[in-house]
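Side chains are part of it too, since the values below use all heavy atoms of this structure and drop only hydrogens, waters and symmetry mates. Reminder, nothing fancy here: chain letters follow the sequence lines and each chain counts from 1. What you see is a predicted model, and the numbers here were worked out from it, not measured in a lab.
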Amino acid sequence: MNETAVVKAQPSGGADFRDVATAHTPFRTGRLVLWVILALVVANFAWIVAHNENFGWPVVARYFFDPTVISGLYVSLGLTVIAMILGIVLGLAVAIARMSSDRLAKSFASLFIWFFRGTPLLVQLIFWYNMSTLFPQLSITIPFGPTLASWDTNSVITPMAAAIVGLALNEAAYMAEIIRGGLLSVDRGQTETAEAFGMTKARALWRIIIPQAMRSIVPPTGNQLISMIKATSLVSVIAMADLLYSVQSIYNRTFEIIPMLLVAVIWYLLITSILNVGQSYVEAYYGRSDRRNGEAAKPAAATDEASH
Amino acid sequence: MTAVHNARPLVQARNVHKSFDQLEVLKGIDLNVMPGEVVAILGPSGSGKSTLLRCINHLEAIHKGYIEVDGEQIGYRVRNNRLEKLSSSGIARQRRKIGMVFQQFNLYPHMTVLQNIIEAPVGVHKENRKDAIENARRLLDRVGLSEKTDSFPRQLSGGQQQRVAIARALAIKPKLMLFDEPTSALDPELVGEVLATMRDLASEGLTMIVVTHEISFAREAADRVVFMDGGHLIEMGKPEDVIGNPQHPRTQAFLSRFL
């Protein structure tokens with residue numbers, strides 16, 4: 001079909017050569033050269049690293065699945081999951097409080113965010129860990145009244161508890177701002193519509209606003225999750241046997257510092273890579289209504305639309 | 001001006017005032033709407049007509065006067081002989097018998113057409129899911145979109161979206177329907193399909209208050225036309241009187257632009 005058109009057009013000056021349907025992409029030599037050079041540099045660097053004995057690759061391989069390392073990995077992952085879930089739940093509550101018209105809730109939420117974002121996580125963790133020096137006893141009392149129950153602080157705030165509380169509260173402060181940003185990104189008309197249909201505020205939030213806010217909440221939350229995995233390495237200072245702590249405990253014995261750190265680095269990279277894949281699936285899920293011809297739509301929808 | 005009826009008005013607005021900060025947008029509105037009546041509110045932009053509509057289901061709170069729908073004062077209740085503000089859940093309950101259609105459609109973009117329609121019946125009115133779906137299909141059929149059940153709003157044209165929005169509002173079996181410039185965001189060639197749907201509803205005896213710029217719709221489908229300007233209700237009466245033979249100079253000036 002194209003050919004006949006071209007032939008026909010020839011006498012009048014070959015105008016059909018300008019039909020973009022016949023266009024092709026020119027071969028870009030410079031680009032290919034650049035690619036080859038880059039590939040050579042990367043391959044050479046990889047070869048150097050692989051053959052540098054100082055990296056101690058055999059040691060890396062030997063300790064990669066060492067029981068100490070694996071149990072440290074479990075601690076890191078467990079801490080990440082628990083602290084992240086608590087952080088998201090609490091962060092949602094703080095975000096809603098901050099957006100409410102209630103002065104008390106609003107100022108309490110602002111104070112919370114101000115404090116936990118404004119101080120270093122490492123310091124917060126050390127404070128939680130050393131809570132017993134500040135408050136030797138934890139009690140439930142009526143303000144200025146009788147004590148209802150009391151515990152020894154050290155028996156409540158174990159290193160595990162200090163790590164979870166410290167990470168979760170810090171995370172909640174950041175998640176609160178992320179969630180608030182997401183909620184604000186949803187068209188005001190959606191809240192209004194939900195209200196006009198007699199939905200309670202909670203239902204409107206849960207069914208209408210949050211699902212739409214997820215699209216802008218998920219990417220930064222993925223960021224937070226990856227930060228969190230690395231932030232768990234801070235708990236090694238309060239004697240929690242996480243991934244970093246466990247490789248440290250091994251190299252304190254064997255002095256193979258670099259290879260053991262490489263073990264940790266590779267594990268951290270592996271986990272974050274898996275999370276990246278997971279995140280893109282979650283994003284695709286919350287973006288499904290955006291694809292014009294989603295799986296739910298019949299092909300007829302597209303043609304029908306054009307006719308309107 | 002108000003016609004004498006034996007029946008009690010479904011909507012009663014008395015001396016309604018509303019301001020945004022310093023700006024007074026409603027300056028004492030009195031309006032009765034009888035059951036089954038179709039009232040079209042006309043007026044230049046900024047005349048307060050959309051605000052009045054939004055006050056009727058308390059999307060905006062009024063500052064003076066009162067509004068009553070189906071015998072209940074909107075947004076308030078009387079307790080111990082004193083008037084007190086309703087809680088947000090109390091207001092939510094009052095809104096459940098009022099359907100609303102918005103200028104920008106406001107369909108829930110993350111839900112399919114069917115999910116959009118059954119959301120309030122199932123979630124708010126606690127209707128049986130099966131019945132709600134059946135009813136939704138019937139409504140979609142009525143607005144001529146039965147093949148769009150599983151589409152997402154973004155896959156529909158503006159006119160189709162607005163017809164879904166009408167079906168969604170009808171799904172709660174409202175006693176009163178509010179239309180806030182339902183055709184203003186539509187391309188001219190899509191206006192007709194929405195107006196046709198609304199004309200059907202009007203002829204079936206649904207009580208409707210329609211804020212619109214569609215003079216021809218007001219003339220053909222409305223029982224009564226209200227003309228607003230500058231926060232006042234300036235002229236009110238049968239369409240043939242208000243549109244055909246306007247008395248007030250501002251009504252005349254406004255209508256002359258459409259002829």
Q. Just checking heavy atoms, which of residues 119-129 of chain B are less than 4.5 Å from chain A?
A. B:Glu119, B:Ala120, B:Gly123, B:Val124
Q.
Only heavy atoms, only distances under 4.5 angstrom. Which residues in residues 45-59 of chain B are near chain A?
A.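 The residues closer than 4.5 Å to chain A, in numerical order, are B:Arg54, B:Asn57, B:Leu59.
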Q) So which residues of residues 195-210 of chain A are in contact with chain B at a heavy-atom cut-off of under 4.5 Å? A) A:Glu195, A:Ala196, A:Phe197, A:Gly198, A:Met199, A:Thr200, A:Lys201, A:Arg203, A:Arg207, A:Ile208
Q) Hey, which residues of residues 95-103 of chain A are touching chain B, say heavy atoms under 4.5 Å apart? A) none
Under 3.5 Å: donor-acceptor pair, side chain of [X], backbone of [Y]:
X        : Y        : answer
A:Asp187 : A:Gly189 : yes
B:Thr207 : B:Gly36  : yes
B:His63  : B:Ser19  : yes
B:Gln161 : B:Pro153 : yes
B:Thr197 : B:Glu193 : yes
B:Thr149 : B:Leu114 : no
B:Asn32  : B:Pro9   : no
B:Thr212 : B:Glu214 : yes

Q: Answer yes or no on whether A:Lys106 is positioned over the face of A:Phe108, meaning its NZ or CZ is under 6.0 Å from the six-membered ring centre and within 45° of the axis.
A: no
Which pair of heavy atoms, one from [X] and one from [Y], lies closest together, and at what distance?
X        : Y        : value
B:Asn116 : B:Tyr108 : OD1-N, 2.7 Å
A:Ser185 : A:Ser216 : OG-OG, 3.0 Å
A:Ala109 : A:Val94  : CB-O, 3.6 Å
B:Phe152 : B:Pro109 : CD2-O, 3.8 Å
B:Ile117 : B:Ala167 : CD1-CB, 3.9 Å
B:Met208 : B:Met198 : CE-O, 3.8 Å

With only heavy atoms counted, which part of [X] is less than 4.5 Å from chain A, the side chain, the backbone, both or neither?
X        : value
B:Leu178 : neither
B:Ile98  : backbone
B:Ala165 : neither
B:Phe102 : side chain

Q.
Using side-chain heavy atoms (C-beta onward) and a distance below 4.5 Å, is B:Asp141 in contact with B:Leu139?
A.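 When only atoms from C-beta onward are counted, B:Leu139 and B:Asp141 do not touch, as no gap falls below 4.5 Å.
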**Q.** Side-chain heavy-atom pair B:Phe217, B:Val194 within 4.5 angstrom cut-off
**A.**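 No. Closest side-chain heavy atoms not under 4.5 Å.
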Q) Any Lys/Arg nitrogen of B:Arg93 or B:Glu72 sitting under 4.0 Å from an Asp/Glu carboxylate oxygen of the other? A) no
Q.
Between B:Glu134 and B:Arg137 (salt bridge meaning N to carboxylate O under 4.0 Å), is one present in this structure?
A. no
Q: Just give me the residue among B:Arg168, B:Lys97, B:Gln94 that pairs up with chain A most often, heavy atom to heavy atom, under 4.5 Å.
A: B:Arg168
